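Only one structure is covered here, and it is reproduced in the block below.
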Amino acid sequence: MAGQQDPSTQGLSGPRLGERLPRSFFAEDVLDVAPALLGCFLTVGPVTVRLTEVEAYAGESDPGSHAFRGPTPRTQVMFGRAGHLYVYFTYGMHWCANVVTGTEGHASAVLLRAGEVVGGERVAAGRRDGIPRRDWTRGPARLATTLGLKGEDSGADTCGDDGRIAFHAAASHVPAPLIRTGPRVGVSGAGGDAEAYPWRFWLADEPSVSAYRPAKPRPRRTPS
DNA sequence: CAGTTGATTCGCT
DNA sequence: GCGAATCAACTGG
């Protein structure tokens with residue numbers, strides 16, 4: 001009873017507020033790591049964001065994951081050590097960033113979907129010239145762009161000594177009721193169980209996260 | 001405000 | 001060759 005029990009540390013031996021996230025933080029189950037990353041900070045060079053939306057990808061057994069069909073040159077980093085970045089290129093023009101979680105060989109990762117710029121605003125603004133601040137980091141590709149992440153950063157160790165890329169724990173405790181969950185976004189044919197489980201996590205009442213709207217196909221009127 | 005559509009390169013089959 | 005863990009512009013209300 002001497003030790004004050006912090007409810008936020010159930011299941012994860014959490015780092016203290018504001019401390020750098022060690023590799024052990026990422027070496028847990030992806031469904032534990034993903035929500036625990038909300039409110040945490042990611043620094044890449046001069047820019048720092050506070051994470052407000054993430055998505056879990058559960059390795060080789062997850063049909064929605066790039067790792068589903070086994071390791072390839074592109075996805076190899078996912079099969080490696082936790083704490084490294086997996087950055088991929090998509091739709092012919094966008095980069096998106098993940099952080100690898102779990103045990104080596106399991107290939108699970110957390111997609112970083114949205115955040116809020118809290119440092120290096122000058123540099124961020126230069127990268128997102130003419131775009132409303134709210135859209136700087138809303139969506140995985142926008143987030144990666146604002147942070148300056150590209151393919152060359154895939155494989156970077158966020159727990160390394162370099163320190164150019166690093167995660168830090170939230171500045172204050174994130175109340176569990178603020179953590180919302182829902183289906184993943186944009187995962188086509190997400191495959192059976194993956195659709196049944198909410199593997200997307202975000203912070204309620206964050207302007208950087210658009211409210212989840214279930215896709216409602218409107219009866220399209222046929223002109224003919 | 002919200003729904004639709006074109007853009008454009010890479011990775012894998 | 002096809003489809004993609006998306007975005008920004010444009011449409012109509």
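What you are looking at is a predicted structure, and each value in this text was computed from that prediction instead of being measured. Below, read A as the first sequence line, B as the second, and so on, with proteins coming before strands; counting in each chain starts at 1.
- Using modelled atom types, no side-chain atom of Thr75(A) and backbone atom of Met78(A) make a donor-acceptor pair closer than 3.5 Å.
- No more than 12 heavy atoms of other residues, nucleotides or ligands lie within 6.0 Å of CZ in Arg81(A), so this atom counts as exposed by the packing criterion.
- Contact of Asp135(A) with dA8(C) (side chain to base): no donor-acceptor pair of N or O atoms is detected under 3.5 Å.
- Evaluation of atom-type donor-acceptor distances gives no pair under 3.5 Å for the side chain of Tyr91(A) against the base of dA7(B).
- For the pair Arg74(A) CZ and dG11(B) C1', the computed distance is 6 Å after rounding to whole Å.
- Spacing between atom CZ of Phe68(A) and atom C1' of dA4(C) amounts to 16 Å, rounded to whole angstrom units.
- Distance, Arg127(A) CZ to dC7(C) C1': 18 Å, rounded to whole Å.
- In the set dG11(B), dA5(C), dC7(C), dA5(C) carries the atom at the smallest distance from any side-chain atom of Tyr57(A).
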Dot-bracket, 5' to 3', for DNA chain B please: Watson-Crick or G-U pairs under 3.5 Å, [ ] where pairs cross earlier ones, | where the partner sits on another strand, dots elsewhere. |||||||.||||.
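- Criterion: ILVMFWY side-chain heavy atoms under 4.5 Å apart, direct or through other members. Under it, Val118(A) and Phe167(A) are not part of a common hydrophobic cluster.
- If you run side-chain contact (heavy atoms from CB on, under 4.5 Å) between His84(A) and each of Asp157(A), Asn98(A), Thr101(A), Thr158(A), only Asp157(A) comes through.
- Within a 6.0 Å radius of CD in Gln76(A), other residues, nucleotides and ligands contribute 12 heavy atoms or fewer.
- Among the nucleotides dT9(B), dT6(C), dG11(B), the one closest to the side chain of Phe89(A) is dT9(B).
- Note: OH (Tyr88(A)) to P (dC12(B)) measures 14 Å, nearest angstrom.
- A straight line from CD1 of Ile131(A) to P of dT6(C) spans 17 Å, rounded to a whole angstrom.
- OP1 or OP2 of dA5(C) has not a single side-chain nitrogen or oxygen of Arg200(A) nearer than 4.0 Å.
- Relative ring orientation between Tyr88(A) and His66(A) is described as perpendicular, the plane-to-plane angle rising above 60° on a 0-90° scale split at 30° and 60°.
- Counting only heavy atoms from C-beta on, Ser65(A) has its side chain closest to dA5(C) among dA8(C), dC10(B), dA5(C).
- Listed candidates were dA5(C), dT6(C), dC12(B). Nearest to the side chain of His66(A) is dA5(C).
- Considering only the side chain of Arg69(A), dC12(B) comes nearest among dT6(C), dC12(B), dA5(C).
- Between the CH2 atom of Trp136(A) and the P atom of dC7(C) there is a distance of 17 Å, rounded to whole Å.
- In this structure, the CZ atom of Arg128(A) is 9 Å from the C1' atom of dC7(C), given to the nearest Å.
- When each of dC12(B), dA5(C), dC10(B) is scored by its nearest atom to the side-chain atoms of Pro73(A), the top-ranked nucleotide is dC12(B).
- Closest contact between the side chain of His94(A) and the listed nucleotides dA5(C), dC7(C), dC12(B) involves dC7(C).
- Taking atom CG of residue Asp129(A) and atom P of nucleotide dA8(C), one finds them 13 Å apart after rounding to whole Å.
- More than 12 heavy atoms of other residues, nucleotides or ligands lie within 6.0 Å of CZ in Arg23(A), so this atom counts as buried by the packing criterion.
- For Thr72(A), taking side-chain heavy atoms from C-beta onward, the closest of the listed nucleotides dC12(B), dA8(C), dC7(C) is dC12(B).
- Both the sub-6.0 Å distance and the 45° axial angle are satisfied by Arg184(A) relative to the ring of Tyr57(A).
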